[in-house]
Amino acid sequence: MLNCKKENCTGCGICTYSCPKRAIKMEASLEGFFYPEVDSSLCVHCDLCNKVCPSLNKPAVGETIGCYAVQLKDKVALQHCASGGAFYGIAQTVLEQNGIVFGVKDLGTKLFYKKAATLEELNELTGSKYYQCSISEETYCEIIASTQKGLTLVSGTPCMVAAIQNLQGINRKNLLTFEILCQGVPSKTVIEKFYTETAAKHGSLVQNHIFRSKDRYVGRNYLNRYQFNNGKVVYLIGEEDPLSLSFQRQIFLRESCYRCQFANEARTSDFTAGDLWETDIKGVDIKHGCSVLLCNTSKAKRFLDETRVFSLGKIDSKTALKDNIPYHHPVKRPKCRDWSYKLLCHEIPPKSVTVLCCWKYYIKRLLKGKLK
């Protein structure tokens with residue numbers, strides 16, 4: 001019987017995939033997050049679900065061998081990456097070595113964990129995604145099969161990558177792992193409700209939403225680019241966008257995110273990447289985005305040494321990551337998380353819920369005359 005407590009479950013679904021009797025199914029909660037449901041009549045107590053669960057069995061921990069500021073030399077590819085293109089550069093090098101890459105594809109307003117075997121397919125995996133993506137049983141099978149054939153790069157949130165590392169039958173010799181520094185994930189339900197509200201405001205469905213557009217430089221803020229079916233494009237800077245504000249204030253995250261055991265300096269992936277806002281590395285223009293890239297294993301360090309796609313320089317990890325919260329500890333659970341989803345599920349508009357949760361922020365904007 002599965003021993004992982006609900007508040008610690010990351011929703012990876014590896015228990016469902018690994019169960020030999022198909023006694024576990026992932027079911028959506030009222031909040032829109034997926035959790036395992038066990039059919040006790042089918043369970044044979046083999047304990048395999050507990051052995052593969054990343055919340056119960058954290059993969060082996062590495063140590064930071066090197067910390068770098070990196071930026072893609074290819075400015076066209078860099079334009080489509082959220083920061084410095086750390087993932088794209090590593091993935092490109094994997095493909096050049098006839099390897100396979102797995103990452104998250106944003107298909108309009110839906111996320112899928114997909115395989116990339118070409119640069120064209122890799123281009124579909126670029127950009128930041130700010131809500132949870134599930135991995136299907138079919139994709140877990142593809143990942144295992146890929147590692148049996150050759151070099152395979154898997155990427156995602158730390159808990160997602162940890163689940164893949166725990167897969168039974170995976171060839172770890174051929175596995176290269178890449179995690180992003182992540183503060184947490186809201187559910188697809190939240191995103192869909194925000195998009196519905198945004199569509200009503202602008203009179204057209206949201207065709208695509210880029211959370212970290214580089215159409216213009218806005219400093220440390222995120223430039224949200226909304227494209228609608230009628231051709232209209234709307235830009236919102238940082239917390240002007242209620243969806244971005246709700247994410248930055250952590251009001252709709254999965255419960256496990258507030259107690260994430262992967263949000264610390266004991267990293268479990270070969271590579272860890274995040275945003276880097278300041279650097280004086282030669283050849284790196286911070287206005288085009290820059291990444292901090294940690295090599296946590298000798299495998300990662302050797303692989304980075306082989307790449308020729310980056311402008312890079314070695315930096316001090318403590319200085320570069322001192323303000324990056326999820327590198328040190330999980331984000332704090334706000335008190336409003338007790339009722340944010342309850343309001344949302346009772347059809348209170350998501351912007352209204354955000355205003356209630358972030359009332360101090362909106363009062364300050366009102367007093368400054370910036371509220372629209």
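Computed over heavy atoms, backbone and side chain alike; hydrogens, waters and symmetry mates excluded.
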Check your understanding: Is Arg333 paired with Glu255 through a side-chain N to carboxylate O contact shorter than 4.0 Å?
Key -> yes

Check your understanding: Are side-chain heavy atoms of Leu205 and Phe228 found at a separation under 4.5 Å?
Key -> no

Study note, to complete from the structure: For Lys115, the salt bridge (Lys or Arg N to Asp or Glu O under 4.0 Å) test, sequence neighbours excluded, returns Glu142

**Study point:** Residues, nucleotides or ligands: over 12 heavy atoms within 6.0 Å of Glu306 CD
**Key:** yes

Review point. Is Lys25 salt-bridged to Glu37, cutoff N-O under 4.0 Å?
Key: no

Review point. So, are Arg212 and Asp275 salt-bridged, with charged N and O less than 4.0 Å apart?
Key: yes

Exercise for review: Would you please indicate yes or no on a ring centroid separation below 6.0 angstrom for Phe33 and Tyr341?
Suggested key: yes

Check your understanding: If you draw the axis of the six-membered ring of Tyr131, does the NZ or CZ of Lys188 fall within 45° of it and under 6.0 Å from the ring centre?
Key -> no

Exercise for review: With sequence neighbours left out, write down each residue that passes salt bridge (Lys or Arg N to Asp or Glu O under 4.0 Å) with Lys129, or none if nothing qualifies.
Suggested key: none

Point to revise | Residues in side chain to side chain donor-acceptor pair (under 3.5 Å) contact with Tyr235, at least two apart in sequence or another chain | key: Asp215, Arg225

Review point. Taking only residues two or more places apart in sequence or in another chain, which ones pass salt bridge (Lys or Arg N to Asp or Glu O under 4.0 Å) with Arg308?
Key: none

Exercise for review: Could you tell me whether Lys114 atom NZ has more than 12 heavy atoms of other residues or ligands within 6.0 Å of it?
Suggested key: no

Practice item. Please determine if Arg254 forms a cation-pi arrangement with Phe34, meaning its NZ or CZ atom is less than 6.0 Å from the six-membered ring centre and no more than 45° off the ring axis. Key: no

Study note, to complete from the structure: All heavy atoms of Cys257 vs all of Val185, minimum pair found to be SG-N, 3.4 Å

Point to revise | Carboxylate-amine/guanidinium contact Glu7 Arg259, below 4.0 Å | key: no

Review point. Hey, is CG on Leu30 packed in by over 12 heavy atoms from elsewhere, all under 6.0 Å?
Key: no

Practice item. Applying side-chain contact (heavy atoms from CB on, under 4.5 Å), name anything that partners Trp359, two or more places apart in sequence or on another chain. Key: Ile363

Review point. Which residues satisfy the side chain to side chain donor-acceptor pair (under 3.5 Å) test with Lys322, sequence neighbours excluded?
Key: none

Practice item. Please tell me if the side chains of Phe87 and Ser291 come closer than 4.5 Å, counting only heavy atoms from C-beta onward. Key: no

**Study point:** Check: Gly66 main-chain N/O paired with Thr64 side-chain donor or acceptor under 3.5 Å
**Key:** no

Review point. Are the side chain of Ser213 and the backbone of Phe211 linked by a donor-acceptor contact shorter than 3.5 Å?
Key: no

Check your understanding: Is the closest basic N to carboxylate O distance between Lys51 and Asp47 below 4.0 Å?
Key -> no

